[in-house]
2 protein chains.
Amino acid sequence: MDPHLLRTFVAVAESGSFSAAAGKLGYTQSAVSQHIAALENDLGTALLHRRPVTPTVPGERLLEHAAPILLRLDAARADVLRAVGEPPGSLVLGATPLSASPARALTELRRSMPGLSVTLEIAGREAVAQGVAAGEFHLGLIDGVAAPSDPLRLFDTGARRTTAIAHEPLVVALPDDHPLARRKRLNLHDLVDARWIDAPEIAAPLADLRAATETDGLRASITYPGTDTLTLLALVAAGHGLAVLPRSVAPSTGVTLLAVEAPRLVHRTELLHGHIDGPAAATLAAVLSG
Amino acid sequence: MDPHLLRTFVAVAESGSFSAAAGKLGYTQSAVSQHIAALENDLGTALLHRRPVTPTVPGERLLEHAAPILLRLDAARADVLRAVGEPPGSLVLGATPLSASPARALTELRRSMPGLSVTLEIAGREAVAQGVAAGEFHLGLIDGVAAPSDPLRLFDTGARRTTAIAHEPLVVALPDDHPLARRKRLNLHDLVDARWIDAPEIAAPLADLRAATETDGLRASITYPGTDTLTLLALVAAGHGLAVLPRSVAPSTGVTLLAVEAPRLVHRTELLHGHIDGPAAATLAAVLSG
DNA sequence: ACAGTGGATAAGCGATACTGATCGGCGTGG
DNA sequence: CCACGCCGATCAGTATCGCTTATCCACTGT
């Protein structure tokens, strides 16, 4: 289970082709074939169906493990390298689009450490988590939906600590002409049969909502992979589906925002960090979490 | 960052000697030396001080990552191998000593699947978590202390899911002649200066309590690494220190059990599983979590 | 039937990863 | 103070590994 073999395995599984994976990795097709053969031989079982190239059941299992393992390997390298260098004079902060605005904390930080250059980068949940693990970001802010006082369920990426920073109630965004739009508050169970917009980067991922409502409902009409809240609200107004958002989203024409009464869920944002290296990161972490 | 290199690195760091590690791993001392040199060369930094052999700062970082990575690698292999074989006719359940007794669930299970052979193994928290990850146990039961409706903070070992099974209040075990033993209920903050028995396998680990009380107090007088509750209570009765336990522990002579009023904490046990393979594990999981 | 596509296999060669032997620095006991 | 012993570094040699190139073979679509 050499990491190289794992790497080519996921590349092959992703691209569905030995030759394509070979090209992507800078190998020969022959080498890739031998890699897969070595893995299958080592584990004593077929990992891929050929023609078309598709993971077998054990292959699926391995795939679930392979990506996190490779990620952790990278994270370990990054972490070690960070430990050797000087604590940097700049600070890079990764944040998901709707994580509670760190603007206040940033001004506080610049007051206490004037010479510091701070960069704020907006990215998706997974990108932020990976960026923190890989040392690309010194700190990360991730938002999501969870039961009150539950931590967010994050990706399993390296040794990181999280601390909760902010909670806020949830609202459902419906088009103004939706039959339920005149209500004051809603129960998500009333909406299991509605059509939803799956916007995993900004709205509550449907999978989380399904887990919270303990239903199989909540079918996605379309998925919006972007990170722009206005676009999402426009999609809602146009009747493409509903979305669950934190209450603080700005009201938008054509969209009604109704408080979610049950199940008891909150929008939560958490601070994510591996090792806190420099004093800048330390004070920012302190300001953000406290 | 070949796993082999990581393996020998942790072996060397643990044993504090190249030659000893070589013996343990079945290598030559020369090979171990080359392994470490390769790692240090790859990462561009010294990982170990020599004479005496001790991790450098970057080495410490790498150590934090290495063990989980190696564990996950093993877990991946085990998971794949489990996917290939037949679902087994027997079921192995790992449980921490104080995880809520699965006796009721087990009888339920044997009623519905009479031919099944079930093994219950008691182990420490970490051993159970690793056993589940490695496929040694089909299911795991782990208990611990957490804020109400918080999940337990578990070790980062492979892709596993947890579901809460049982909550129960906490008590402090004090010797009968303790000045506070006549009280009805206690606040842990009243006890930050007391002496505690650190029994991480069965009682609430002191680190968890410190986090919950947000103090640096709670100093350990002695640590009891065993898993026998009676022994622990005997230590308490003999005045060696206090311990926090779930309320359901049997009363013991010389020991007073007082409810913990604040901070709000519960004893919680969780079901831990990777993939549910056989029907036996599926129904046991259903019974335990339902 | 036949080309074309895409994975498997074979041969060869440079790189790798061990072992055994030797060297060298440091601490220890006489 | 010296000599020895311990332990890690280094070197040389060899077996194996892991690539590439070249070729083969099974299946697909026409």
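Chain letters run A, B, ... following the sequence lines, proteins first, then strands; residues in each count from 1.
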* Which pair of heavy atoms, one from B:P58 and one from A:A83, lies closest together, and at what distance? -> CA-CB, 4.1 Å
* Residue A:H49 excluded, over 12 heavy atoms near NE2 under 6.0 Å -> yes
* Asked: So what does A:S19 hit on the nucleic acid, given a heavy-atom distance under 4.0 Å: a base, only sugar-phosphate, or nothing?
  -> sugar-phosphate
* To do: Kindly write out the residues that satisfy side-chain contact (heavy atoms from CB on, under 4.5 Å) with A:V92, not counting sequence neighbours, or none if the list is empty.
  => A:T119, A:E121, A:F137, A:H138
* **Sole candidate of A:L62, A:L39, A:V57 that passes side-chain contact (heavy atoms from CB on, under 4.5 Å) when paired with B:V80** => A:L62
* To do: Kindly indicate whether the side chain of A:Y27, heavy atoms from C-beta on, has any atom under 4.5 Å from the side chain of A:H35.
  => yes
* Donor-acceptor contact below 3.5 Å, side chain A:S15 vs main chain A:S17 -> yes
* **Whole-Å gap separating C1' (C:dA8) and CZ (A:R50)** => 9 Å
* Asked: Considering only heavy atoms from C-beta outward, does the side chain of B:L47 approach that of B:I36 to under 4.5 Å?
  -> no
* Please tell me if the side chains of A:L141 and A:T96 come closer than 4.5 Å, counting only heavy atoms from C-beta onward. => no
* **Considering all heavy atoms, the nearest A:A13-A:L63 contact** => CB-CD1, 3.7 Å
* Structure fact -> When rounded to whole Å, the NE2 to C1' distance for the pair B:H4 and C:dT16 reads 13 Å
* To do: Please list residues of residues 29-41 of chain B whose heavy atoms come under 4.0 Å from any atom in DNA chain C, ordered by number; otherwise none.
  => B:S30, B:A31, B:Q34, B:H35
* Asked: Can you find a pair of side-chain heavy atoms, one from A:D42 and one from B:R77, that are under 4.5 Å apart?
  -> yes
* Asked: Would you find a donor on one side and an acceptor on the other, under 3.5 Å apart, between the side chain of B:T28 and the backbone of B:A31?
  -> no
* Tell me, please, which residues at least two apart from B:R50 pass salt bridge (Lys or Arg N to Asp or Glu O under 4.0 Å). => B:E40
* Asked: Does any residue of residues 5-18 of chain B have a heavy atom under 4.0 Å from DNA chain D, and if so, which ones, in number order?
  -> B:S17, B:F18
N/O contacts under 3.5 Å, protein versus nucleotides 23-25 of chain C?
residue	atom	partner	partner atom	Å
C:dG25	N2	B:R51	NH1	3.4

* To do: Identify the 5'-most and 3'-most nucleotides of DNA chain D with at least one atom closer than 4.0 Å to a non-hydrogen atom of chain B.
  => D:dC7 to D:dC11
* Do A:R125 and A:D143 have side chains that get closer than 4.5 Å, going by heavy atoms? -> yes
